[in-house]
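Note on naming: letters A, B, ... go to the chains in the order of the sequence lines (proteins, then strands), and numbering restarts at 1 for each one.
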Amino acid sequence: MSTPAIAAPRGTRDYLDGDGAALLSCIDIHRRVSSLFGYRHVITPIFEAAELFERGTGTGTDVVEKEMYSFTDRGNRALALRPEGTPGVIRALAADPAVRDIRPYRAQYDGPMFRYDRPQKGRYREFHQVGVEVLGVRDPNIDVEVLHVAWETFSALGIGNVDIRLNSLGSREDRLHYRDELVAYYTPLRDELCEDCRRRLDTNPLRLLDCKTDARHVAAAPILLDGLAADTRTYFHDVQEGLRAEGIPFTVDPRIVRGLDYYCDTTFEFWHSSLNGAQNALGGGGRYDGLAEVLGLPHTPGVGYALGVERLMVIRSELEGIQQGLSPSVLVIALDAESVKHARTCATALRAASVPTALDVAKGKLDRKFRWCERMGVSWCIMCGEDEVRDGQVTLRNLQDRTQERLDMDACIARLAASREE
RNA sequence: GUGGCCAUAGCUCAGUUGGUUAGAGUGCCAGGUUGUGGCCCUGGAGGUCGAGGGUUCAAAUCCCCCUGGCCACCCCA
């Protein structure tokens with residue numbers, strides 16, 4: 001009693017009971033949808049060389065500079081818990097001789113990510129992402145396909161009204177040129193800017209466009225899209241045409257610049273009205289043709305997205321009628337010690353017929369067992385006692401309408417299997 | 001990393017200007033009822049009042065600090 005209990009670390013959470021099912025349900029749906037589009041599972045380490053993110057994600061980004069879980073192991077290696085999935089997936093795929101020349105290579109992934117940030121609802125230090133990457137091909141139709149997979153995932157999750165915000169950052173040269181333009185525009189205005197913006201002007205000028213307080217300056221600022229070279233402009237145009245042809249709605253938003261260094265050309269975010277704040281996104285992504293080279297790997301163009309599972313869950317929890325996974329749908333109860341064997345046989349047969357079945361052979365009052373079922377969402381009970389063993393039958397009770405009947409085992413199984421399909 | 005609100009039973013919450021044994025509802029357990037749960041009755045368990053320190057004769061209550069949650073920033077998923 002004197003030792004204090006150990007709590008879960010700040011910003012982490014336990015997924016118990018229905019929450020665990022809800023998390024897995026989102027991940028399962030994304031796996032199913034992306035598999036339908038031909039995306040192969042890629043599983044990469046949860047920790048990587050810290051340098052992978054310093055070079056890939058970028059040392060100038062908050063994600064790497066302020067939020068990364070970096071540490072050295074007992075062999076004095078500089079490692080980091082992954083703050084995002086893309087660099088690891090690119091490292092694995094672009095380096096592997098068996099797959100790096102398969103073009104395009106469609107990859108899907110999911111799992112925990114880590115960022116040292118101040119926790120809030122829908123924002124944790126350990127959180128989960130699902131995502132895809134397509135490597136090896138630079139083609140607007142691939143960008144469209146990636147957005148299509150995301151769109152189908154939202155649909156399969158039952159999440160409607162997703163707002164796709166689309167932008168193009170152009171080539172690296174376009175972006176550097178635009179950066180200079182922005183600095184030239186903002187520098188004379190320095191004294192009129194808010195404190196944050198003065199800082200951004202020095203550190204990350206693209207972020208000036210995110211400012212809410214200096215909206216009038218943002219409105220008059222030069223627009224990146226206007227300065228794009230002809231071929232990148234055509235590329236962006238083709239992406240938009242492709243989305244229209246696919247019937248995927250989107251909004252072009254020149255302020256979508258993304259927080260990671262490696263993006264070029266197409267970038268996008270997924271917004272939803274029930275998440276607070278304009279900066280709170282369901283997910284995002286874009287094209288990163290230069291990333292592999294920055295990591296010292298052969299040139300490998302790519303495009304992908306990542307979605308925050310906890311944010312998908314926030315939205316889904318506000319929807320009605322979403323089935324949050326399966327609990328056992330039947331409890332088999334042995335009413336006395338002599339009936340345990342009969343109950344076991346019955347449970348085994350039900351599982352063989354794919355009916356989720358829990359077995360209760362413990363002592364205790366029947367009414368407690370019924371209430372246990374109620375709390376667990378179990379809707380059927382099978383009772384085996386002296387009479388049932390004698391007749392080779394079971395008693396099947398419907399816990400919702402409180403009716404029950406004596407049946408042969410085969411009839412009982414057929415009954416339950418049929419009721420599950422409704 | 002900055003600012004604001006908050007923390008009492010498993011859950012939802014009372015708790016008077018600081019006052020002696022911290023309550024209610026609900027849930028849980030046992031019995032009334034030997035193999036049948038929604039109502040009723042009886043009894044029971046369950047609290048370091050988030051942690052630590054301070055003020056005081058006396059702290060759930062006032063002060064400090066820490067931890068954690070939520071909200072708004074920063075930023076992102």
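Of the candidates A:Leu359, A:Leu407, A:Leu350, A:Ile413, A:Leu350 is the only one forming a side chain to side chain contact (heavy atoms under 4.5 Å, CB included) with A:Ile382.
Whole-Å rounding puts the A:Asp117 CG to B:C70 C1' distance at 15 Å.
A:Glu388 contributes a side-chain N or O that forms a donor-acceptor pair with the base of B:G35 under 3.5 Å. No hydrogens or angles were tested; on distance alone, nothing pairs the side chain of A:Arg402 with the base of B:U36 as donor and acceptor under 3.5 Å.
A salt bridge does not link A:Asp117 to A:Lys66: none of the charged nitrogens lies less than 4.0 Å from a carboxylate oxygen. Classification of A:Asp367 and A:Lys369 as a salt-bridged pair fails, no side-chain N sitting under 4.0 Å from a carboxylate O.
With P as the reference atom, B:C63 and B:U56 are 16 Å apart, rounded to whole Å. Comparing the C1' positions of B:G50 and B:C70 gives an interatomic distance of 15 Å, to the nearest angstrom. Spacing between B:A22 and B:C13 at atom C1', rounded to whole Å, works out to 14 Å. Look at the P atom in both B:U67 and B:C75: the space between them is 25 Å, to the nearest Å. With both ends at atom P, the span from B:G4 to B:U17 equals 26 Å, rounded to whole Å. A distance of about 13 Å separates the P atoms of B:A59 and B:G18, rounded to the whole Å.
Nearest nucleotide to the side chain of A:Arg375, out of B:C28, B:C75, B:U33: B:C28. The A:Lys66 side chain lies nearest to B:C74 when the options are B:G37, B:C74, B:G35.
Within 4.0 Å (heavy atoms only), A:Gly283 reaches sugar-phosphate atoms of the nucleic acid but no base atom. Heavy atoms of A:Asp336 sit nowhere under 4.0 angstrom from any nucleic acid atom. In this structure, A:Gly11 reaches the sugar-phosphate backbone alone: every heavy-atom distance under 4.0 Å involves primed, P, OP1 or OP2 atoms, never a base.
Taking side-chain N and O atoms only, A:Arg368 has a distance below 4.0 Å to OP1 or OP2 of B:A30. For B:C71, the OP1/OP2 oxygens have no side-chain nitrogen or oxygen of A:Arg118 closer than 4.0 Å. Look at A:Gln404 and you won't find any side-chain N or O under 4.0 angstrom from OP1 or OP2 of B:U36.
Ring planes of A:Phe268 and A:Phe270: tilted class, angle from 30 to 60°.
Counting only Watson-Crick or G-U wobble pairs whose defining distances are both under 3.5 Å, the stems of 3 or more consecutive pairs in RNA chain B are B:1-7 with B:67-73, B:10-13 with B:23-26, B:28-32 with B:40-44, B:52-54 with B:62-64.
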